[in-house]
Amino acid sequence: MATVSSPVRGAVRASATPPPAPRRRGPGRGWRITPWLFLIAPLGLLILFTYVPVANMVWYSFTSWNGMAPVKEPVGLDNYVRIFTDPDMFTVFLVSLYYLAGAFLQLALALYFATVLSFRTRVRNLFKGIIFFPYLINGVAIGLVFLFFLRPGGTLDALLGLVGVAEPPQWLGDPDLANVSLATTSVWRYMGLNFVLFLGAIQSIPNELYEAADLDGATSWQKFRFIIAPGIKQVIGLTTILAISGSLAVFEIPWIMTGGANGTTTFVIQTVQQAFEFKKFGLASAMAVVLLLIVLAITWIQRRIFPDEKVDLT
C-alpha cells in the first residue's frame, strides 16, 4: 500500500528544523580604516606645512640659491664649511651665552617664586599676576618700552640720577653692556611662563607629603629637596630644554631694540640678514639646519638626563 506524505506533516517537519545561525560579522576592514580617514587631513597639513618646508630647506642648504633665480646651483658642503670656518658666522653663538646665563637666572627666580607662592602667603594672587603679566604683553611692545627705558636720558638714567649717578653708562650703546641689558629684558619677559609651569607642578604634589614632613620636623629646604624637586623633575627638564633652545634662537628683543648693532647680532638675526638683505638663501638655509641640529642634540641630551619615568614620592 503506497504511503502518501501529508503536506501538513512536511510543513511541521520543515518548521522543526532550526534555521541556520546568523553569520556573526567579525571586526570589519572598514572599522580598521575609519580612524585613519580622520587622520588624513591633519597628517596632510602636517606634512605640507612642516616636513615639506624642512626638506626644501635642507635641499636649499646645498645650493647657492639667491631666492629669485629659477635655477638652484648645487655647491655641496660649501655653505656648511663657511659656517664653521668663517669667524664672522659662527662666533655669533657667543652672544647666546648672555641669554643662556639669563635663562638659568630666569629659571632660578621662577622656581623660587613658584615655591614661595605655592603655599599660603599674603596677597599671593597679586604677586602671581605681577610675575605672569609680562609674558602676556606683545614682544614688540616690550622691546619698544625697554628701548625708551634704557636709552640715554631715559627712565633708568633718570632713576639713577635721583640717587646721585651723574654719568650712567650707555646701556645699549656700550658693546660690553648691550647684551647684558637685552638678556635682562628677556629674563623679565619670559620668567612668567616658567613661573606658571613650576607653580602648576608644585601644586599637583599631594598635601599629605607636606603634612608628613611637618610631623618629622623637616625644614623648608628639606621639603624642597626631598619633595618638591623630585616631584617636578620632569617640568624642570622641560623648562631647561626650552630655555637652552630659546637662548640659541633669540631674535625678537635684540632685533627690535638694537637691530643687531653693537655686537648684539644673534645667530637668528644673522640668518635673516643673510637671506633677506644679502640674498643668500642657500647659506641662510644651511645656518637654519645647523641651528635645528643643535636644538635636536640638546633635546636628546636632555632626554637622556631626564628620561620619561614616573616619580614615586611615597
Side-chain angles (χ1 to χ4, degrees), residues 86-114 116-117 123 126-195 239-240 242-274 276-278:
D86 190 348
D88 296 333
M89 299 293 295
F90 197 74
T91 52
V92 292
F93 269 115
L94 298 178
V95 178
S96 300
L97 296 179
Y98 291 94
Y99 297 94
L100 183 61
F104 283 109
L105 175 62
Q106 171 199 134
L107 291 176
L109 292 175
L111 183 58
Y112 171 77
F113 287 119
V116 173
L117 297 179
V123 295
L126 175 63
F127 286 111
K128 290 178 183 178
I130 292 175
I131 296 174
F132 184 67
F133 178 73
Y135 182 72
L136 302 177
I137 305 176
N138 183 268
V140 177
I142 290 178
L144 294 176
V145 168
F146 274 86
L147 183 61
F148 286 97
F149 182 77
L150 297 173
R151 70 176 184 176
T155 306
L156 181 58
D157 290 350
L159 294 176
L160 293 176
L162 296 177
V163 295
V165 179
E167 297 182 0
Q170 298 288 328
W171 302 106
L172 298 177
D174 188 352
D176 296 331
L177 291 177
N179 287 310
V180 177
S181 302
L182 296 176
T184 304
T185 304
S186 297
V187 170
W188 183 82
R189 184 193 178 190
Y190 291 105
M191 185 177 65
L193 174 62
N194 295 318
F195 166 76
T239 53
T240 301
L242 291 177
I244 296 175
S245 60
S247 64
L248 295 174
V250 174
F251 172 75
E252 195 175 41
I253 295 297
W255 177 260
I256 295 170
M257 297 181 65
T258 63
N262 298 326
T264 61
T265 301
T266 63
F267 193 77
V268 178
I269 290 179
Q270 191 177 61
T271 303
V272 173
Q273 291 175 343
Q274 292 293 331
F276 298 102
E277 293 185 15
F278 306 116

*Asks:* Can you confirm whether more than 12 heavy atoms, excluding those of Tyr112, are under 6.0 Å from its OH atom?
*Replies:* no
*Asks:* To the nearest 0.5 Å, what is the distance between OG1 on Thr266 and OH on Tyr98?
*Replies:* 14.0 Å
*Asks:* Within a reach of under 6.0 Å around CD of Glu277, are more than 12 heavy atoms found that belong to other residues, nucleotides or ligands?
*Replies:* yes
*Asks:* Please name the pair of heavy atoms, one in Ala243 and one in Ala103, separated by the smallest distance, quoted to 0.1 Å.
*Replies:* CB-CB, 3.7 Å
*Asks:* Tell me the closest heavy-atom pair linking Pro175 and Asn179, and the distance in Å.
*Replies:* O-ND2, 4.3 Å
*Asks:* With rounding to the nearest 0.5 Å, note down the distance linking CZ in Arg151 to CG in Leu156.
*Replies:* 12.5 Å
*Asks:* Please tell me if the side chains of Val272 and Ile269 come closer than 4.5 Å, counting only heavy atoms from C-beta onward.
*Replies:* no
*Asks:* Show the nearest heavy-atom pair for residues Ser181 and Leu150, with the distance to one decimal.
*Replies:* CB-CD1, 3.9 Å
*Asks:* Looking only at heavy atoms, which two atoms of Val180 and Asp176 are closest? And how far apart?
*Replies:* CG2-O, 4.0 Å
*Asks:* Show me the side-chain donor-acceptor pairs of residues 253-265 shorter than 3.5 Å, one per line, residues at least two apart or across chains.
*Replies:*
from	atom 1	to	atom 2	distance (Å)
Thr258	OG1	Pro254	O	2.9
Thr258	OG1	Gly260	N	3.3
Thr258	OG1	Thr264	OG1	2.7
Asn262	ND2	Leu172	O	2.9
Thr264	OG1	Ala261	N	3.3
Thr264	OG1	Ala261	O	2.6
Thr265	OG1	Gly260	O	2.6

*Asks:* Check the pair Phe267, Val250 against side-chain contact (heavy atoms from CB on, under 4.5 Å), reporting the backbone distance first and the verdict last.
*Replies:* CA-CA 8 Å; Phe267 193 77; Val250 174; over 6 Å; no
*Asks:* Distance check, rounded to the nearest 0.5 Å: Asp157 atom CG versus Leu162 atom CG?
*Replies:* 11.0 Å
*Asks:* How about OH on Tyr135, more than 12 heavy atoms from neighbouring residues, nucleotides or ligands closer than 6.0 Å, or not?
*Replies:* no
*Asks:* Hey, what do you get for CG (Leu248) to CD1 (Ile244), rounding to the nearest 0.5 Å?
*Replies:* 8.0 Å
*Asks:* Is Thr239 close to Leu111 at the side-chain level, that is, under 4.5 Å between some pair of heavy atoms?
*Replies:* no
*Asks:* Which atom pair, heavy atoms only, marks the closest approach of Leu177 to Pro169?
*Replies:* CD1-CB, 3.5 Å
*Asks:* Begin with the C-alpha distance, continue with both residues' side-chain angles, and end with the deciding distance and a verdict on side-chain contact (heavy atoms from CB on, under 4.5 Å) for Thr185 and Phe149.
*Replies:* CA-CA 11 Å; Thr185 304; Phe149 182 77; over 6 Å; no
*Asks:* Measure the shortest side-chain to side-chain distance between Val116 and Phe127 over non-hydrogen atoms and say whether it is less than 4.5 angstrom.
*Replies:* no
*Asks:* Which pairs would a plain distance check flag for residues 187-194, meaning a side-chain donor or acceptor within less than 3.5 Å of a matching protein atom at least two apart in sequence or in another chain?
*Replies:*
from	atom 1	to	atom 2	distance (Å)
Arg189	NH1	Glu252	OE1	2.5
Asn194	ND2	Gln106	OE1	2.2

*Asks:* Suppose we screen for salt bridge (Lys or Arg N to Asp or Glu O under 4.0 Å). Which residues come up paired with Asp86, at least two apart in sequence or across chains?
*Replies:* Arg82
*Asks:* Below 4.5 Å, heavy atoms only, C-beta onward: do Leu109 and Phe195 meet side chain to side chain?
*Replies:* no
*Asks:* Report the distance from atom OH of Tyr99 to atom CG of Leu182, rounding to the nearest 0.5 Å.
*Replies:* 4.0 Å
